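These notes are about the structure you will find just below.
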Amino acid sequence: VQLQASGGGLVQAGDSLRLSCASSGRTFSNYVVGWFRQAPGKEREFAAAISRFGDNIFYGGSMKGRFTISRDNAKNTVYLQMDSLKPEDTAVYYCAAGGPFRSVINYYSPGRYDYWGQGTQVTVSS
């Protein structure tokens with residue numbers, strides 16, 4: 001599975017962005033897809049994840065209510081809609097695929113994902 005993340009950019013606080021994670025290769029619906037982010041000097045942080053058919057969705061604590069993850073398996077694409085962006089959301093955002101997962105904790109763990117995209121930079125100015 002090859003993943004291509006896109007949609008990042010430079011925005012102002014309060015603006016919105018939609019990230020896309022496009023997949024090529026194996027059947028996309030076989031995989032859980034997660035979004036993680038990493039700011040300079042910080043560890044990789046869980047942002048959101050969606051199960052194979054979208055029936056289970058999880059968000060990191062600071063993303064709840066502002067971020068929305070969705071997927072379109074027919075287009076082999078997962079989206080991360082990010083609203084009310086804050087300067088602290090500035091990071092490189094990565095999408096990853098893995099699973100399926102039986103345990104909820106696995107959705108939050110970057111080590112459980114087998115495939116990673118190259119990342120897309122999101123910069124939020126104050």
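The structure displayed is predicted, hence computed values, not measured ones.
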Checklist entry - Taking C-beta and beyond as the side chain, do Val78 and Ile50 meet within less than 4.5 Å on heavy atoms? => result yes

Next on the checklist: Ring centroids only, cut at 6.0 angstrom: are Phe101 and Tyr113 within range, meaning strictly under it?
Outcome noted: yes

Next on the checklist: Could you go through Arg71 and Cys21, starting from their C-alpha distance and side-chain angles, then the distance that decides it, and tell me whether this counts as side-chain contact (heavy atoms from CB on, under 4.5 Å)?
Outcome noted: CA-CA 9 Å; Arg71 68 188 297 162; Cys21 177; over 6 Å; no

Item to check | Heavy-atom closest contact (Leu19 atom, Tyr93 atom, distance) | outcome: CD1-CB, 3.6 Å

Item to check | Heavy-atom pair with the smallest gap, counting every atom of Leu17 and Leu85 | outcome: N-CD1, 3.9 Å

Checklist entry - Just checking, Arg18 and Trp35: is the charged tip under 6.0 Å from the six-membered ring centre and within 45° of the axis? => result no

Checklist entry - Is there a side-chain contact between Phe58 and Val104, using heavy atoms and a 4.5 Å cut-off? => result yes

Checklist outcome for this item: d(Tyr59 OH, Lys64 NZ) to nearest 0.5 Å is 10.5 Å

Checklist entry - Hey, do the aromatic rings of Tyr94 and Phe36 have their centres closer than 6.0 Å? => result no

Checklist entry - Which atoms form the tightest heavy-atom contact between Ala97 and Tyr31, and what is the distance? => result CB-CB, 4.0 Å

Checklist entry - CG of Leu80 to CE of Met63: how many Å apart, nearest 0.5 Å? => result 8.5 Å

Checklist entry - Should the heavy atoms of other residues, nucleotides or ligands under 6.0 Å from CZ of Arg112 be counted, would the total exceed 12? => result no

Checklist entry - For Gln121 and Thr90, which heavy atoms make the closest approach, and how far apart are they? => result NE2-CG2, 4.0 Å

Checklist entry - Is there a donor-acceptor pair closer than 3.5 Å between any side-chain N or O of Gln118 and the backbone N or O of Ala5? => result yes

Checklist entry - For Pro87, does its backbone N or O pair with a side-chain atom of Ser126 as donor and acceptor, under 3.5 Å? => result no

Next on the checklist: Give me the atom names and distance for the closest heavy-atom approach of Arg52 to Pro100.
Outcome noted: CD-CB, 3.5 Å

Item to check | Face-on cation placement of Arg37 at Phe46 ring, 6.0 Å and 45° thresholds | outcome: no

Checklist entry - Which heavy atom in Ser29 sits nearest to a heavy atom in Asn73, and how many Å separate them? => result CB-ND2, 3.4 Å

Next on the checklist: Keeping Thr77 on the side-chain end and Lys75 on the backbone end, is there a donor-acceptor pair under 3.5 Å?
Outcome noted: yes

Checklist entry - So do the side chains of Ser16 and Gln81 get within less than 4.5 Å of each other, counting heavy atoms only? => result yes

Checklist entry - Between Thr120 and Gly8, is there a donor-acceptor pair closer than 3.5 Å when you use the side chain of the first and the backbone of the second? => result yes

Item to check | Side chains of Ser51 and Tyr107 in contact at under 4.5 Å (non-hydrogen atoms) | outcome: yes

